[in-house]
Amino acid sequence: SEIPKAYEPQSVEDKWYEFWQEQKCFEADPESPKPAYSIVIPPPNVTGMLHMGHVLNNTIQDILARKARMDGKEVLWLPGTDHAGIATQAKVERELKKNEKLSRHDLGRDKFLERVWAWKEEHGGIIIKQLQKLGCSCDWSRERFTMDEEYTRCVQRVFVDLYKKGLIYRGKRMVNWCPVSLTALSDEEVIPKPQNSFLYYFKVEVAEEPGTFLSIATTRPETIPGDTAIAVNPTDERYKHLIGKHAIRPLPSENQAKIPIVADEHIDKEFGTGVLKVTPAHDKADFEIGERHDLEVIDVLNPDGTVNDFGGEALKGMDRLKARKRAAELLDEMGVLEKEEQYQNNVGFSERAGVPIEPRLSEQWFLKYPSVEASHRCVTEGRMKFYPDRWIKTYDHWMTGIQDWCISRQLWWGHQIPVWYHKESGEIHCDIEPPADEENWERDPDVLDTWASSWLWPFATMGWPEETSTLKRFYPTTDLVTGPDIIFFWVARMIMAGYEYMGDLPFQNVYFTGIIRDKKGRKMSKSLGNSPDPLDLIAKYGADALRFGTMRSAPLGLDVLFDEKDVELGRNFCNKLWNACRFRQMQGGESEGEIDPKLLTSDDKWILIRLGKAIDEIDADFAQYRFTGVTQTLYRFFWTEYCDWYVESCKSALYGNDEKLKANKLAVIDFILSNAIRLFHPFLPFISEELWQGMGFNGDLPEGQGGQTIMFANWPKAFDEEFAAHYGLDESDEQVVEAKHELVRQGRNLRREFNVPSNQKIPFIFKPNAEFPEAEAAVLQILLNAESLEVNPNFASGKGYAHIGSPLGELYLPLEGLIEDFAAERSRLEKELQKIEAEIAKVEKKLANKNFTERAPKEILDEHVQRKADWETKLARARAAIEALGD
RNA sequence: GCGCGGUUAGCUCAGUGGUAGAGCAUCACCUUGACACGGUGGAGGUCACAGGUUCAAAUCCUGUACCGCGCACCA
């Protein structure tokens with residue numbers, strides 16, 4: 001045979017991907033009469049590399065897209081990349097520093113942006129190529145980038161619109177400041193982490209009462225120079241009398257100002273000493289206290305986190321962490337440091353730079369979210385579906401307490417804010433176009449948060465604001481597949497933008513994937529080195545294997561513990577599929593076409609029924625996005641039911657002389673394979689196409705299904721009554737074959753128990769309960785690997801036979817020459833006897849329960865009665881077997 | 001403090017009221033005319049714990065423990 005024994009994905013995958021692209025199989029036609037199905041890709045960072053999270057996410061999308069095509073939908077899977085402001089800028093800055101020892105300021109804004117664009121040109125295509133390797137069937141002719149010219153205009157248009165609606169405003173407020181990236185961040189970009197730090201207790205003297213001291217606990221002594229008040233709870237009896245008086249601030253030592261002691265409800269009497277130092281410039285809560293009491297704001301830090309002049313001579317220029325230690329030392333030297341204790345608190349870290357953020361007062365642009373009500377309700381009221389639905393609660397919670405969004409970033413890479421300030425009057429010009437006398441104006445240097453562009457993704461990629469045919473046809477999109485970690489960053493904001501600008505929700509269903517972890521449950525990260533490179537895995541096992549293995553271990557809504565073993569399983573499965581088809585090819589003969597219902601054996605009927613049930617299960621699981629369920633069904637149906645049972649049962653006919661029967665078997669096999677391969681296609685696009693073409697299924701099939709590529713082949717139909725009637729299928733066929741399987745299993749078990757090697761052919765005798773066709777006997781013989789199978793309805797067992805029973809009849813194994821140790825055999829059978837007796841006792845107990853027999857449904861009752869009868873039959877046989885053993 | 005998950009075979013996980021399942025790992029036998037990336041058979045679970053509902057609970061209810069996550073607080 002020229003077909004290789006093992007499937008070699010490397011020689012197959014690229015070939016078909018090119019074929020699909022040449023045939024324009026991925027391109028969506030808005031003019032098509034088919035019903036529409038659409039997904040927009042969560043755009044990966046333009047300079048990113050494919051990781052396991054992408055594999056999971058995009059495999060799911062590809063499965064949905066391919067399934068929809070086979071369901072006869074016109075599919076648009078719209079791809080693209082995100083400019084990823086901070087991440088990309090930081091990457092280029094790092095390279096610049098490493099290679100040329102330059103900062104972005106050395107280059108200047110324009111030159112630096114040129115460098116970023118060059119970087120984007122060089123690296124931007126990598127992740128796209130990687131997605132193609134994975135088999136993603138995106139419409140690449142529509143690929144978008146969040147900083148394309150048209151996209152940029154959309155972003156600006158939205159900014160201007162929201163500004164004019166009064167929803168975007170500029171203000172000096174407390175923001176999260178990243179002292180490394182030197183930009184403001186949104187609340188969502190701040191990750192709280194528990195930190196081991198110190199709680200410093202120091203005392204301040206009350207100005208009006210020399211000798212009276214207040215003890216204060218703080219984790220940040222370096223901000224003492226920025227303290228402009230001391231606050232206590234108004235109901236705190238310990239300090240009530242001091243309210244309205246003043247305290248002497250110890251730092252900076254050259255400026256020990258008198259600061260007021262104020263009363264504020266915010267202070268927790270139980271915490272520390274119940275006295276709070278108020279630093280309005282460096283803490284959000286303190287800032288609010290400051291507003292309530294009209295306090296001065298003294299910022300003691302530079303943007304990069306070092307102490308400025310206000311911090312005093314002793315601390316000036318130091319980094320905030322160094323200054324913290326030094327400030328404590330200064331307090332100690334002054335004799336006012338009472339104690340320091342170990343303390344664990346949560347500190348907000350910059351998601352990107354990984355350093356503690358600094359709450360900082362600064363002038364920023366803010367957005368009051370639009371269309372909040374509609375966006376909130378469409379999810380809680382179920383118009384938009386979440387899978388799994390528990391994320392509704394998280395969404396609901398966030399939408400309820402929603403805060404204005406700080407959208408300006410002090411970066412260069414991004415959408416520069418379309419606002420100009422008049423150099424003389426300070427007047428504001430907010431428009432897509434710069435003002436006519438541009439030289440008299442200065443443009444706002446800030447850019448927008450990346451998410452303030454990607455929240456427009458579902459419609460800005462489809463040509464909005466023009467009413468394009470694409471937009472009309474494919475918006476709202478059908479499904480969104482993403483991680484729950486960006487439910488606020490992206491999903492919620494897209495919903496709001498969708499309602500505000502399209503008047504409708506942007507997608508109908510949201511599927512939230514789990515997070516991919518390593519097999520020890522740790523998050524995958526570069527620093528841990530536990531993140532396998534998907535491209536390596538594809539090279540080693542094939543993309544189909546990676547897809548199948550990943551999907552098989554990715555349950556809906558739970559994290560995925562990734563193990564390379566899963567990919568190995570995927571590869572093994574592809575190989576099984578390959579060899580099953582190879583076996584068919586080796587039988588020769590073109591597809592024999594029509595199945596003749598009259599020639600169907602019980603096994604044929606059984607596998608047809610099992611196929612129908614598998615399709616039913618798969619359809620039901622797809623409807624609920626239960627992909628693991630689908631993979632399990634596919635695995636079970638194909639490997640266990642088709643390969644292990646059906647194909648084996650066929651061998652007697654295929655190696656026999658009845659040409660008609662043989663041809664009919666091949667017709668059944670072809671039918672099953674053509675259906676199975678189609679069922680596999682969404683998961684295993686490459687091998688399924690290879691086999692579809694290789695087996696000749698792309699021509700006209702008897703059931704009238706086919707096509708140039710499997711991509712547009714009809715999705716298999718679950719069997720209906722008409723089908724069952726045509727082939728004469730009914731439940732009893734299934735039961736008979738399952739009884740046969742049970743008989744075979746027990747027969748094989750007998751072999752094993754008498755230590756008959758697997759390859760040794762031995763004779764069996766079968767005593768059927770009813771008429772037993774010769775063809776059935778041949779199947780039984782081959783499944784048992786028997787030398788011969790004597791069918792004898794009148795067989796009278798004497799001594800020297802082991803036997804087992806089944807509803808079909810009894811199977812005897814002559815023991816002559818097989819048994820070495822009769823005593824051991826007897827004791828084995830006696831043990832078996834005890835087991836059976838225990839089972840009978842169990843069933844009897846149940847049947848003796850009056851409540852049970854009166855109240856259980858009839859079917860359940862019958863089942864138990866039947867079970868008892870079965871066990872009793874077994875008992876009788878086991879006893880007879882012991883008899884038969886003789887002495 | 002509030003909320004959401006999870007706890008089933010050595011491991012990873014299916015299983016939403018009716019005889020506990022799969023894959024991997026393991027043990028035994030087998031390179032038998034698709035496949036050793038394979039075949040056959042076996043061993044291995046008081047379904048975290050305690051109550052409750054029910055004729056019947058891994059499954060429904062209440063509570064507890066442990067693990068993970070999110071939000072709030074965080075001087």
Next item on the list: Respond yes when some side-chain nitrogen or oxygen of A:Lys576 is under 4.0 Å from OP1 or OP2 of B:G39, and no when none is.
Entry: yes
Notebook entry, point to check: Are OP1 or OP2 of B:A22 and a side-chain N or O of A:Trp639 less than 4.0 angstrom apart?
Noted result: no
Item checked: Between CD on residue A:Glu340 and OH on residue A:Tyr200, distance to nearest 0.5 Å -> 5.5 Å
Check: Contact class for A:Asp644 (heavy atom, under 4.0 Å): base, sugar-phosphate, or nothing?
Finding: sugar-phosphate
Note to self: Counting the atoms with a prime plus P, OP1 and OP2 as sugar-phosphate, which does A:Ile515 contact under 4.0 Å by heavy atoms, base, sugar-phosphate, or nothing?
What the structure shows: nothing
Next item on the list: Tell me what A:Thr394 touches on the nucleic acid: a base, only sugar-phosphate, or nothing, going by heavy atoms under 4.0 Å.
Entry: nothing
Note to self: Looking at the base of B:A34, is there any donor atom on it, or on the side chain of A:Glu648, that sits under 3.5 Å from an acceptor on the other one?
What the structure shows: yes
Next item on the list: Look at A:Asp603 together with A:Lys740 and state whether they make a salt bridge at an N to O cut-off of under 4.0 Å.
Entry: yes
Next item on the list: Would you mind classifying the nucleic acid contact of A:Tyr343 as base, sugar-phosphate or nothing, using non-hydrogen atoms under 4.0 angstrom?
Entry: sugar-phosphate
Notebook entry, point to check: A:Glu288 has an atom CD; how far is it from atom P of B:C73, in whole Å?
Noted result: 10 Å
Next item on the list: May I ask you to say whether A:Glu338 pairs ionically with A:Lys203, meaning some side-chain N is under 4.0 Å from a carboxylate O?
Entry: no
Next item on the list: Using both distances under 3.5 Å as the test, list the Watson-Crick or G-U wobble partner of B:A57, or none.
Entry: none
Note to self: Does A:Arg571 reach a base, just sugar-phosphate, or nothing at all? Heavy atoms under 4.0 Å.
What the structure shows: base
Note to self: Applying a 4.0 Å non-hydrogen cut-off, can you work out what A:Cys643 is touching in the nucleic acid: base, sugar-phosphate, or nothing?
What the structure shows: base
Note to self: By the 4.0 Å heavy-atom rule, please label A:Pro484 as base, sugar-phosphate, or nothing.
What the structure shows: nothing
Check: Any side-chain N or O of A:Arg626 under 4.0 Å from OP1/OP2 of B:G15?
Finding: yes
Next item on the list: Indicate whether any N or O donor in one side chain lies under 3.5 Å from an N or O acceptor in the other, for A:Glu617 and A:Thr633.
Entry: yes
Margin query: Can you measure A:Leu634 atom CG to B:G23 atom P for me and round it to whole angstrom units?
Written below: 15 Å
Note to self: Please name the nucleotide paired to B:A43 by Watson-Crick or G-U wobble geometry with both distances under 3.5 Å, or report none.
What the structure shows: none
Next item on the list: Have a look at A:Thr219 and say if it touches a base, only the backbone sugar-phosphate, or nothing, with a 4.0 Å heavy-atom cut-off.
Entry: sugar-phosphate
Check: Side-chain N or O of A:Asn579 less than 4.0 angstrom from OP1 or OP2 on B:C37?
Finding: no
Next item on the list: Determine, for A:Phe583 and A:Lys651, whether the Lys NZ or Arg CZ falls below 6.0 Å from the six-membered ring centre while staying within 45 degrees of the axis.
Entry: yes
Notebook entry, point to check: Whom does B:C4 pair with, Watson-Crick or G-U wobble, provided both distances fall under 3.5 Å?
Noted result: B:G68
Next item on the list: Examine B:C35: is either OP1 or OP2 under 4.0 Å from a nitrogen or oxygen in the side chain of A:Lys5? Give yes or no.
Entry: yes
Notebook entry, point to check: Does B:U40 have OP1 or OP2 sitting under 4.0 Å from an N or O in the side chain of A:His741?
Noted result: no
Note to self: If the cut-off is 4.0 Å, is A:Lys393 near the phosphate of B:C4, judged by side-chain N/O to OP1 or OP2?
What the structure shows: yes
Check: Does NZ or CZ of A:Arg552 fall inside the cone over A:Tyr635's six-membered ring, less than 6.0 Å from its centre and within 45° of the axis?
Finding: yes
Next item on the list: State whether A:Tyr7 places a side-chain N or O below 4.0 Å from either non-bridging phosphate oxygen (OP1 or OP2) of B:G38.
Entry: no
Note to self: Just the rounded figure in Å: distance from P of B:G41 to CD of A:Gln746.
What the structure shows: 11 Å
Margin query: Check this one for me: any side-chain N or O of A:Asn572 less than 4.0 Å away from OP1 or OP2 of B:G38?
Written below: yes
Margin query: Just the rounded figure in Å: distance from C1' of B:G70 to CG of A:Asp187.
Written below: 15 Å
Next item on the list: Identify the nucleotide, in any strand shown, that forms a Watson-Crick or G-U wobble pair with B:U12, with both distances under 3.5 Å; if there is none, say none.
Entry: B:A22
Notebook entry, point to check: Could you state the CG-P distance from A:Asn346 to B:C74, rounded to the nearest angstrom?
Noted result: 11 Å
Check: Between A:Thr550 and A:Asp566, is a side-chain hydrogen bond (donor to acceptor under 3.5 Å, both in side chains) present by the stated rule, with each step listed?
Finding: CA-CA 7 Å; A:Thr550 305; A:Asp566 295 326; over 6 Å; no
Next item on the list: Indicate whether A:Tyr655 forms a stack on B:G33; treat it as stacked only if centroid distance is below 5.5 angstrom and interplanar angle below 30 degrees.
Entry: yes
